[in-house]
S.K.: 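The following block contains the structure, expressed as structure tokens.
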Amino acid sequence: MEGEEQTSLWNKETVPKVMKIVSTRLPQRDLISLLLVSPWLHRTLLSSPSLWLAIDLREMNNAGDRLIAAVSLPRYQHVKQISLEFARDIDDGHLEILKNKCLDSLQGLESLNLNGCQKISDKGIEAITSCCHKLKVFSIYWNNLSERSLQLVADHYQELESLNLTRCVKMTDSGLQQILIRCSFLRSLNLYALSSFTDETYKKISVLAHLRFLDLCGAQNLSDEGLSCIAKCKNLVSLNLTWCVRVTDVGVIAIAEGCTSLEFLSLFGIVGVTDKCLEALSKFCSNTITTLDVNGCIGIKRRSRDDLLQLFPYLSCFKVHS
């Protein structure tokens, strides 16, 4: 009898206390599994609202239905982050249901990841923008969205801080320009593998005074003039210029002189740059750059590890692309 009482006391008091400490470091899916372990643990976990600020349905089957079910639960009434990355079955219909039935629970949503959700169209983005008014981080990598979606984002999220448009190949200059004009608080902009934008649009990136991360990999139309405008983004820390084939020393030197806090720079595959741009980068950014990829830059002769370390003593990463 005494042993049973001790076990009961352990389950009621000790286990919940221990789990309250470790639960903050567990993945959300493990937390959900723990809800089923015991009624005492169930109550303990549900009494900690900070554990239920995120919904992670990445790569899961039936993610749309799971999302609707989750957002309907009281524990997710203050959810701030939702990730549906590569959850292929979610579509516009699920987002419409969220808009119509779960509006209250989405009022505080700050981060939404729809990467690879290719069944979502402009209609789905319209549903999101009409019910999630506080988004600051929006990721729509590799989706079949048009400039209509960018217009909706620009209209509703003027305090947006992070936007990922990787491989959204239907995007046009006019849509992106609306983002640049209206979303002036952007700190991170990912335009990876988007080659259709013109240099006039790239020039307008200069208005993003708070920008710290910019990925322009594959920006075939980016010129030195466009890059010189981007150099006005004084707070830039990370810049990916991989395969920006029109860029030469002129543009990179402008970046060196303007973006003196630069830590990450990829010039991978640019044949128009030489040692001259590295000298400028060393002059202005030698104390900050820790990642520099100049592989494939045949115009740069001093690109061995030892050569680069002489110019950039804090370098720790010499290769970004394989």
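If you're wondering where the values come from, they're calculated on a predicted model, not measured in any experiment.
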S.K.: Would a hydrophobic clustering, with Ile, Leu, Val, Met, Phe, Trp and Tyr connected at side-chain separations under 4.5 Å, put F138 with L109?
M.R.: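 Yes, one cluster joins them.
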S.K.: Would you name the heavy atoms of D293 and V320 that are closest together and state the gap between them?
M.R.: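 For D293 and V320, the tightest heavy-atom pair comes out as OD2-N, 2.8 Å.
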S.K.: How long is the gap from SG on C131 to CG on L103, to the nearest 0.5 Å?
M.R.: 6.0 Å
S.K.: Would you call the rings of F197 and Y202 parallel, tilted or perpendicular, where under 30° means parallel and over 60° means perpendicular?
M.R.: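 The rings of F197 and Y202 stand perpendicular, inter-plane angle above 60°.
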S.K.: With a 4.5 Å heavy-atom cut-off, do D104 and Q77 have their side chains touching?
M.R.: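 No - every pair of side-chain heavy atoms lies 4.5 Å or more apart.
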S.K.: Just wondering, more than 12 heavy atoms not from R187 lying within 6.0 Å of its CZ?
M.R.: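 No - once you tally the heavy atoms of other residues, nucleotides and ligands closer than 6.0 Å, there are 12 at most.
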S.K.: Got a second to check how far T290's OG1 is from F318's CZ, nearest 0.5 Å?
M.R.: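 Reported value, rounded in 0.5 Å steps: 10.5 Å.
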S.K.: Would W52 end up clustered with I68 when hydrophobic side chains under 4.5 Å apart are linked, directly or stepwise?
M.R.: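 Yes: a chain of side-chain contacts under 4.5 Å links W52 to I68.
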S.K.: Above 12 or not: heavy atoms from other molecules or residues under 6.0 Å from CD of E225?
M.R.: no
S.K.: Grouping I, L, V, M, F, W and Y whenever their side-chain heavy atoms are under 4.5 Å apart, do Y314 and L278 come out in a common cluster?
M.R.: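 Not linked; separate clusters.
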S.K.: Tell me every residue that passes ring pair (Phe, Tyr, Trp, His ring centres under 6.0 Å) with W243, counting only those two or more places apart in sequence or in another chain.
M.R.: F268
S.K.: For residues 106-121, which residue pairs qualify under side-chain hydrogen bond (donor to acceptor under 3.5 Å, both in side chains), counting only residues two or more places apart or in two chains?
M.R.: E85-N115, D92-S121, N113-N115, N115-S139
S.K.: Please indicate whether R88 has more than 12 foreign heavy atoms, meaning atoms of other residues, nucleotides or ligands, lying under 6.0 Å from its CZ.
M.R.: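 At most 12 heavy atoms, drawn from other residues, nucleotides or ligands, come within 6.0 Å of this atom.
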S.K.: When you check the side-chain N and O atoms of Q151 and D155, is any donor under 3.5 Å from an acceptor?
M.R.: yes
S.K.: Between OG of S261 and NZ of K234, what distance do you get to the nearest 0.5 Å?
M.R.: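 Taking OG in S261 and NZ in K234, the distance rounds to 10.5 Å.
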S.K.: With rounding to the nearest 0.5 Å, note down the distance linking OG1 in T291 to CG in L239.
M.R.: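 The distance works out to 12.5 Å.
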S.K.: With hydrophobic residues grouped by side-chain heavy-atom distances under 4.5 Å, do I128 and Y76 end up in a single group?
M.R.: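 Yes, same cluster.
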S.K.: Find out whether V207 and I181 are in side-chain contact, i.e. whether some heavy atom of one side chain is under 4.5 Å from a heavy atom of the other.
M.R.: no
S.K.: At what distance, to the nearest 0.5 angstrom, does OG1 of T260 lie from CG of L281?
M.R.: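 If I round to the nearest 0.5 Å, the distance is 11.5 Å.
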S.K.: Looking only at side chains, do N164 and T166 share a donor and an acceptor under 3.5 Å apart?
M.R.: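 The criterion, which ignores hydrogens and geometry beyond distance, is satisfied for T166 and N164.
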S.K.: Taking the side chain as every heavy atom from C-beta outward, state whether P49 and H78 have any atom pair closer than 4.5 Å.
M.R.: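 No - every pair of side-chain heavy atoms lies 4.5 Å or more apart.
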S.K.: Side chain of Q178, backbone of A154: donor and acceptor closer than 3.5 Å?
M.R.: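 Not confirmed, Q178 side chain does not pair with A154 backbone.
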S.K.: Between T172 and E147, do the side chains contain a donor N or O and an acceptor N or O under 3.5 Å apart?
M.R.: yes
S.K.: Hydrophobic cluster membership, with links at side-chain heavy-atom distances under 4.5 Å among I/L/V/M/F/W/Y: are L57 and Y141 in one?
M.R.: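 Different hydrophobic clusters.
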S.K.: Donor-acceptor check, side chain of R66 to backbone of N61, threshold 3.5 angstrom: yes or no?
M.R.: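 It does hold such a pair.
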S.K.: Any side-chain heavy atom of N143 sitting closer than 4.5 Å to one from I125?
M.R.: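 No; the side chains remain at least 4.5 Å from each other.
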S.K.: Do the side chains of R58 and F86 get nearer than 4.5 Å, heavy atoms only?
M.R.: no
S.K.: Testing T198, I205, I230 one by one against L222 for a side-chain contact (heavy atoms from CB on, under 4.5 Å), which residue passes?
M.R.: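 Only one of T198, I205, I230 forms a side-chain contact (heavy atoms from CB on, under 4.5 Å) with L222, namely I230.
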S.K.: Heavy-atom count around Y192 OH within 6.0 Å, excluding the residue itself: above 12?
M.R.: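 Atom OH in Y192 is not packed in, count stays at 12 or less.
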S.K.: For the pair K203 and E200, find out whether any cationic side-chain nitrogen is under 4.0 Å from an anionic carboxylate oxygen.
M.R.: yes
S.K.: Can a donor-acceptor pair be found between the side chains of T201 and Q177 at a distance below 3.5 Å?
M.R.: yes
S.K.: In Å, rounded to the nearest 0.5 Å, how long is the span from CZ of R302 to CG of L311?
M.R.: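 Reported to 0.5 Å precision, the distance equals 4.5 Å.
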